[in-house]
Chemist: 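My structure is below; once you've seen it, I'll send some questions.
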Amino acid sequence: MVKEAILFPQTSADGHRAPDEPASLEGPIDNAPLIEDRQDRRVGVKIPYSALAHLVASFDAAVILFASVVGTELYQILANSGLDHLEPMFGIGPVAALLYVLIGYSTGLYDVRAALAKKQRDAGRIFAQWTLVILLLTSLAFLMKSGAVYSRGSVICFSLLAPLLLVGCRRFAKRIVAGVVADGQVEGQRAVLLGTSEELAALGLAELLEKFGLTEVERVAFPAGRGGFAMSAGEAATLEHAIAVARIRGAEAIVLAFPWSDTRKVELVRDGLRISPLPVRLLPDRRIRSLAGNPSFRLQNSLSVEIQRGPLSRAEQASKRLLDVVGALVGLVVFAPLMILSAIVVKLDSPGPVFFRQKRNGFNAKEFSIFKFRTMTVMEDGATVVQAKRFDPRCTRFGRLLRRSSIDEVPQLINVLMGDMSLVGPRPHALAHDSHYGRLLSEYAFRHHVKPGITGWAQVKGYRGETALVEQMKGRIDCDLWYINNWSLALDFKVLLLTCLELTNRRNAY
């Protein structure tokens, strides 16, 4: 049992423990069912923390459009006793709203941490920004020689009414935001907190959400170290524990809470977390946060430091997943006759099941069962797995043909549809090989930062088949890391095309 790895329960803003949470969880991460039982019970639909700024910006835009209509009509009624020639004026509102929102995003007016979550006066910033919008509109009308089209009285009335409404509505928006945050209707980025006991004790749930946009799913206390340049067994076990908890609880980030003066711990923890594909952020310690609370200290955006970013953004992940689903569906339809024929011949060629299933590590080192047509007389899946060699006597007669043509890999299209694999990515290895090469090659774990693939950059570069020498595996890892660091949809299409050409060469295919 690893007594140093203690998971702190979630606490409320006043420091009290949630009623349904146990006081602590000790022991290694093998106790997975216990962690799964503690999954967050989220009721109803919650507003993403990142969406608050966009909602307030949309509210401001609506206020400006409202002011353009009311201001114009009010002037026309008072001055002309009618509502004539309003069409040109209604075009000013959308342009002014667009300019105001764009400038607001660039100046941090809609940053939740720096503006909405702080009790500060925004009237001066709003009037200054609105003045800039009016100057830009005036310059635009001058350059387009369209100033005579607009009623000067209507423009002046709109220009005076809009900032007054914006200031009043900003106060109303702050109250709404504070209310939904206090009621628990807002969810930030799901994160596992890892840090010293003192730093974790000083961080409340409300502060995490309001200042850093985080929703804590679990917190893990890092054991007090004795110094030195290497990580102790207890510290290493705690890191493994935190990574496994993040994987099981579906965390979107790992957040560190360490004293900034303890650079040794921060560096060791950063290096130890390289195995995880999740982004890693370092929060300001208690002393830095006390400075940030000083009125003379101007906090720009977030004070947390991102010391490891995720390999792919959400948009990139979505585009890659779309390619996987479409490609897998097309592949299953095209290869359906071949798969049926292969299944019949495998069954007739030798006794045993049609499919060979083996445990592999996927994204974030999460285990899954890979599908292949059975090509051998053995079904190895354990602590010892012997790689296939040239003229391997374990291969069946039809199995040799399947392996040389790579038809045995076609059932992995099912793994792609299930979300365990991608069309293109680092090839997954048997768990025994992951354990073996993970000890020999320090960068081996980076392969799990993306989903494994049916084919990959390493395979089209000749690193296919047996890796009898460590240098061969090192070359494969270098190719995999290059692919992860240079990923694009165009690269995936290139790898798929080169794979088709590589199949005709049959290099190292046995």
Side-chain angles (χ1 to χ4, degrees), residues 271-272 274-277 308 310-312 320 358-365 368 370 372 375-376 380 383-392 394-395 400 402-409 412 415-416 420-510:
D271 294 340
R274 294 172 73 182
I275 188 176
S276 173
Q308 175 178 299
L312 300 181
K320 185 172 176 63
Q358 190 180 64
K359 292 292 184 181
R360 303 286 175 96
N361 280 325
F363 175 73
N364 201 9
F368 71 97
I370 195 171
K372 300 177 68 174
T375 59
M376 289 186 172
E380 295 177 342
T384 303
V385 176
V386 180
Q387 284 189 334
K389 301 177 175 59
R390 189 182 298 274
F391 308 118
D392 198 314
R394 300 172 298 168
C395 291
R400 295 185 191 278
L402 290 178
R403 297 179 71 89
R404 293 192 64 185
S405 60
S406 295
I407 296 176
D408 63 320
E409 311 285 358
Q412 290 165 35
N415 289 114
V416 174
D420 297 324
M421 294 181 63
S422 177
L423 293 177
V424 182
R427 282 293 299 163
H429 300 150
L431 299 184
H433 299 158
D434 277 348
S435 178
H436 174 69
Y437 290 110
R439 292 191 296 267
L440 298 178
L441 302 172
S442 60
E443 295 181 329
Y444 185 88
F446 276 94
R447 305 175 75 253
H448 304 310
H449 282 205
V450 296
K451 289 182 180 180
I454 297 178
T455 184
W457 185 248
Q459 282 63 47
V460 300
K461 286 297 182 179
Y463 294 99
R464 179 186 178 196
E466 183 186 9
T467 52
L469 302 176
V470 177
E471 290 75 12
Q472 293 174 310
M473 180 59 75
K474 177 65 167 59
R476 179 182 292 186
I477 299 306
D478 290 341
C479 289
D480 290 337
L481 295 184
W482 185 91
Y483 168 80
I484 294 173
N485 294 327
N486 296 274
W487 178 86
S488 67
L489 277 181
L491 180 59
D492 273 3
F493 281 112
K494 180 179 179 179
V495 172
L496 292 174
L497 177 61
L498 291 176
T499 298
C500 297
L501 301 177
E502 185 68 21
L503 292 176
T504 62
N505 295 330
R506 298 185 178 180
R507 289 186 293 178
N508 303 324
Y510 44 82

Chemist: Distance check, rounded to the nearest 0.5 Å: Asn361 atom CG versus Leu431 atom CG?
Modeler: 5.0 Å
Chemist: Specify the closest pair of heavy atoms between Ile484 and Phe446, including all atoms of both residues, with the distance to one decimal.
Modeler: CD1-O, 3.3 Å
Chemist: In the structure I gave you, are the side-chain heavy atoms of His429 and Arg476 within less than 4.5 Å of one another anywhere?
Modeler: yes
Chemist: Look at the side chain of Arg360 and the backbone N and O of Ile370, then say whether any donor-acceptor pair between them is shorter than 3.5 Å.
Modeler: no
Chemist: Over all heavy atoms of both residues, which pair between His449 and Ser276 is shortest? Give the atoms and the distance, please.
Modeler: NE2-O, 3.1 Å
Chemist: Short question: side chain of Ser406, backbone of Glu409 - any donor-acceptor pair under 3.5 Å?
Modeler: no
Chemist: Hey, what's the ring geometry for His448 with Tyr444, parallel, tilted or perpendicular (30° and 60° as the breaks)?
Modeler: perpendicular
Chemist: Check Arg447, Lys461, Lys474 against Asp480 for a salt bridge (Lys or Arg N to Asp or Glu O under 4.0 Å) and give me the one that passes.
Modeler: Arg447
Chemist: For Leu402 and Asp408, work out which heavy atoms get closest and say how close.
Modeler: O-OD1, 3.3 Å
Chemist: What's the separation between atom CD1 in Ile454 and atom CG in Leu496, rounded to the nearest 0.5 Å?
Modeler: 9.0 Å
Chemist: I'd like to check Val450 versus Pro277 (side-chain heavy atoms, cut-off strictly below 4.5 Å). Are they in contact?
Modeler: no
Chemist: Would you please test Arg403 and Met376 for side-chain contact (heavy atoms from CB on, under 4.5 Å) and show each step?
Modeler: CA-CA 10 Å; Arg403 297 179 71 89; Met376 289 186 172; 4.1 Å; yes
Chemist: Looking only at heavy atoms, which two atoms of Cys479 and Trp457 are closest? And how far apart?
Modeler: O-CD1, 3.6 Å
Chemist: Does any non-hydrogen side-chain atom of Trp487 lie less than 4.5 Å from one of Leu312?
Modeler: yes
Chemist: What pair of heavy atoms forms the shortest contact from Phe368 to Asn415, and how long is it?
Modeler: CD1-ND2, 3.9 Å
Chemist: Nearest heavy-atom pair of Tyr483 and Leu491: which atoms, and what distance?
Modeler: CD1-CD2, 3.6 Å
Chemist: To the nearest 0.5 Å, how far apart are CD1 in Ile275 and CG in Asn364?
Modeler: 8.5 Å
Chemist: Is it the case that the side chain of Lys320 and the backbone of Val424 share a donor-acceptor pair, with hydrogens and angles ignored and the cut-off at 3.5 Å?
Modeler: yes
Chemist: Can you tell me how far CG of Asp420 sits from NZ of Lys451, rounded to the nearest 0.5 angstrom?
Modeler: 7.5 Å
Chemist: Counting N and O atoms only, with roles assigned by atom type, does the side chain of Thr499 sit under 3.5 Å from a partner on the main chain of Val495, one being a donor and the other an acceptor?
Modeler: yes
Chemist: Tell me whether Arg427 contacts the main-chain N or O of Gly453 through its side chain, where contact means a donor paired with an acceptor under 3.5 Å.
Modeler: yes
